Amino acid sequence: MKALMLGNKAVARGLFEAGVGFVSSYPGTPSTEITEEAAKFDEIYCEWAPNEKSAMEAAFGASLAGRRAFCGQKHVGLNVAADPLFTMSYTGVNAGLVIVVADDAGMHSSQNEQDSRHYAIAAKVPMLEPSDSAEALEFTKRAFDLSEQFDTPVIIKMCTRVAHSQSIVETADRVEHVKQYQKDIAKYVMMPGNAKRRHPIVEARTQKLIEYAESTPLNRIERGGSAIGIITSSTCYQYVKEVFGDEVSVLKLGLINPLPIELIKNFAASVKRLVVVEELDPVIENHVRSLGLTVEGKNLFPMIDEFSQNMIADAFNRPAPRGVSLDDDIPNRPPVMCAGCPHRGLFYALKKRKCTVLGDIGCYTLGAVPPLSTIELTLCMGASIGATHGFNKMLGRESESKTVAVIGDSTFMHSGMTGLANVAYNQSNSTVIIFDNSITGMTGHQQNPTTGYNIKGDPAGKINLEALCRAMGINRVRVVDPYNLAECDVAIKEELAAEEPSVIISRRPCALLKYVKHQPPLTVDKNKCIGCKSCMRIGCPAISMVDGKATVDQTQCVGCGVCSQLCPKAAFAQT
């Protein structure tokens, strides 16, 4: 049957058809929908893990047990899962094990641009790279076959454009694959003596995969003109075809690691000019150059951002459609926290006290943008607490009395706990604020270990943050309502003044959760409003100034009442 699918949904369909029995992932744009879609198949056990390392280890355990297994994450998530990945390359697998990493060239929702092909090369595992939804489905199924054929985990590299674009796929029935677990200490126990004997097996496997790369249909030559030959992959292949059609010859690479040798040499010999078109780093280009071939690539294209049809057309001095521009300037719409966001009140209190705020990854990172402009650091998941510990250790009491770490509930479970353990163990007088909005907000409302529900919304184990923090050695733990500015202000003042580590849990569910019941929206009494703009200091998108008076957008306001606490004339009232 044919169907129109997102690339991510196509991967999930491939998991189903390949007979996958176990899926464990951590949500991260642009990879999240793979696991969400897979969870719709009753034949597949799916879960959100606390972080990518836990997810990959769980997937490996499922593979060891004899069921095909999958682990998904975005590019920075693979950093977290790199530890088990590198050793899994040595142990190999039992049943097939496939890992998806979704890169985010252009940084639409990420803190860096990162080329995950380097991980496949460094870990010495094969990597496939689909260029549309049909290949996303087909490559997923092939990846499991390759995993079992070559006794290795296999990585599929997605990117934002493939993950979040739609194309036609051909679906098929599910085929079950079950293997028996067999005890094999020499293969699976990676103590130095065993690991030393496994490394030559990895190198021999790589040579076999190079031979496979020479003839696999995953890599194909599309013959066109001989004046130009282009080697490419992923979305760049689509752009090349849109610009050139069949005018040039194309070597389309689907198996991106290891790369073929003779196939590339033969292709190069058949064209007059050889060009590599690839986003971010010159991985293919460097390989081609190492073969002694003359090749162009990064002399024509940048090492940053996403490519486009126009960019490729410009590089070859070819005309391309430019679209239509509007005569009117469109105002910028920078991202802001939603109306009623529970993080807003706490950030206002921190700004009022002129705190130094070291932040983390989540919706609350928007606390860095005006008018709150509070967060001064965002590095990676969990870094806020560790960085605050080191910051305070070096600057002493003056810093401790005004510096806080802010982190979300999901991020705290992901990798914030170890930072808090460091604070408790090595006793920096640090204050940590956990924004508990009862969900993983930034990636689209996924459950996490603090919510009490699993990926399907069924009741699950629920971690008590207060008890956990106390068990880790933090004696001062308090909960505040971020809609109550006075309560937040007192808590921040008292905990920063304390002579020991402390945790403030800012608890109120995300305003966008469907089950959250809101108060009626507020209105402004124009006779009372003096136009002082005090209410504008929280940056709520539901509030604006019209004719010198505050006004509330009734379609956005959730009646949180934070603005009314700032108004000196009590001009805000519930409708």
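Just so it is clear, the model here is predicted, and its values are computed rather than measured. These numbers come from the heavy atoms of this one structure, side chains and all, not from hydrogens, waters or symmetry mates.
- For K402, the NZ atom is loosely surrounded, since the number of other residues' heavy atoms within 6.0 Å does not exceed 12.
- Applying the side chain to side chain contact (heavy atoms under 4.5 Å, CB included) criterion to K53, with sequence neighbours excluded, gives N51, E57, V80, D83, P84.
- Using modelled atom types, one side-chain atom of T171 and one backbone atom of M1 make a donor-acceptor pair closer than 3.5 Å.
- Side-chain N or O atoms of E279 include one that pairs as donor or acceptor with a backbone N or O of F307 at under 3.5 Å.
- Screening residues 394-446 for ring pair (Phe, Tyr, Trp, His ring centres under 6.0 Å) gives Y26-H414, H343-F435, F347-F435, Y364-F435 as the qualifying pairs, with residues at least two apart or on separate chains.
- Between the side chain of S384 and the main chain of V406, a donor-acceptor pair closer than 3.5 Å is present.
- The closest side-chain heavy-atom distance from D409 to N448 is below 4.5 Å.
- Taking every heavy atom of both residues into account, A134 and S167 meet most closely at N-OG, 3.8 Å.
- The closest donor-acceptor contact from the side chain of Q554 to the backbone of L522 lies under 3.5 Å.
- Screening residues 433-450 for salt bridge (Lys or Arg N to Asp or Glu O under 4.0 Å) gives D436-R507 as the qualifying pairs, with residues at least two apart or on separate chains.
- Applying the salt bridge (Lys or Arg N to Asp or Glu O under 4.0 Å) rule to pairs touching residues 514-528 yields nothing, sequence neighbours excluded.
- Take R344 and apply the salt bridge (Lys or Arg N to Asp or Glu O under 4.0 Å) test, not counting sequence neighbours, and it matches no residue.
- Between S564 and F572 the shortest heavy-atom distance is CB-CB, 3.7 Å.
- Atom OH of Y453 has 12 or fewer heavy atoms from other residues, nucleotides or ligands within 6.0 Å.
- You'll find the ring centres of F22 and Y45 inside the 6.0 Å limit.
- Residues V562 and P482 come closest through the heavy atom pair CG2-O, 4.5 Å.
- A distance-only check finds a donor-acceptor pair linking the side chain of R537 to the backbone of S534 [under 3.5 Å].
- Atom CG of D458 sits in a crowded spot, with more than 12 heavy atoms from other residues, nucleotides or ligands closer than 6.0 Å.
- Applying the side chain to side chain contact (heavy atoms under 4.5 Å, CB included) rule to A12 yields the partners E37, A38; only residues at least two apart in sequence or on another chain are considered.
- Of all heavy-atom pairs between E113 and D305, the closest is OE2-N, 2.8 Å.
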Task: Full working for salt bridge (Lys or Arg N to Asp or Glu O under 4.0 Å) between E306 and R161 - done: CA-CA 9 Å; E306 290 184 300; R161 295 304 168 191; 2.8 Å; yes
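- Within the 3.5 Å criterion, the main-chain N or O of S131 finds a donor-acceptor partner in the side chain of Q238.
- Qualifying salt bridge (Lys or Arg N to Asp or Glu O under 4.0 Å) partners for D103, counting only residues two or more places apart in sequence or in other chains: K157.
- Side-chain atoms of N310 and S308 include no donor-acceptor pair closer than 3.5 Å.
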- [ ] Could you please spell out the steps behind the side-chain hydrogen bond (donor to acceptor under 3.5 Å, both in side chains) verdict for T431 and S502?
- [x] CA-CA 5 Å; T431 298; S502 61; 3.2 Å; yes
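- Panel note: side chain T160, backbone P30; no donor-acceptor pair is recorded below 3.5 Å.
- Within the 3.5 Å criterion, the main-chain N or O of L358 finds no donor-acceptor partner in the side chain of E376.
- Listed by chain and number, the residues in a side chain to side chain contact (heavy atoms under 4.5 Å, CB included) with N429 are R397, E400, E499 (sequence neighbours excluded).
- By the 4.5 Å heavy-atom criterion applied to side chains, T35 and E47 are not counted as neighbours.
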Task: L346/V480 under side chain to side chain contact (heavy atoms under 4.5 Å, CB included): CA gap, chis, key distance, verdict - done: CA-CA 9 Å; L346 208 294; V480 299; 4.2 Å; yes
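- Nearest approach of G416 to I385, heavy atoms of both residues: O-CD1, 3.5 Å.
- Side-chain atoms of N392 and S428 include no donor-acceptor pair closer than 3.5 Å.
- Side-chain atoms of E36 and Q446 include a donor-acceptor pair closer than 3.5 Å.
- Looking only at atom types and distance, the side chain of T32 has no donor-acceptor partner in the side chain of T443 under 3.5 Å away.
- Applying the side chain to side chain donor-acceptor pair (under 3.5 Å) test to every pair with at least one member in residues 71-82, sequence neighbours left out, gives these pairs: K74-S110, H75-N112, N79-Q114, N79-Y119.
- Counting only residues at least two apart or on different chains, no ring pair (Phe, Tyr, Trp, His ring centres under 6.0 Å) pair has a member in residues 477-518.
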TODO: Step by step, work out the side-chain hydrogen bond (donor to acceptor under 3.5 Å, both in side chains) result for D360 and T411.
DONE: CA-CA 8 Å; D360 227 294; T411 309; 5.0 Å; no
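- At least one donor-acceptor pair under 3.5 Å links the side chain of S415 to the backbone N or O of M381.
- For residues 486-497, the salt bridge (Lys or Arg N to Asp or Glu O under 4.0 Å) pairs, not counting sequence neighbours, are R353-D489, R476-E495, R478-E494, R478-E495.
- Taking all atoms of both residues into account, the shortest heavy-atom contact from R470 to N475 is NE-O, 4.5 Å.
- Applying the salt bridge (Lys or Arg N to Asp or Glu O under 4.0 Å) test to D115 and every residue at least two apart in sequence or in another chain returns R117.
- Separation of atoms CG (N437) and CG (L513) is listed at 7.0 Å; rounding is to 0.5 Å.
- Of the possible polar contacts, none joining the K533 side chain to the M545 backbone as a donor-acceptor pair under 3.5 Å is found.
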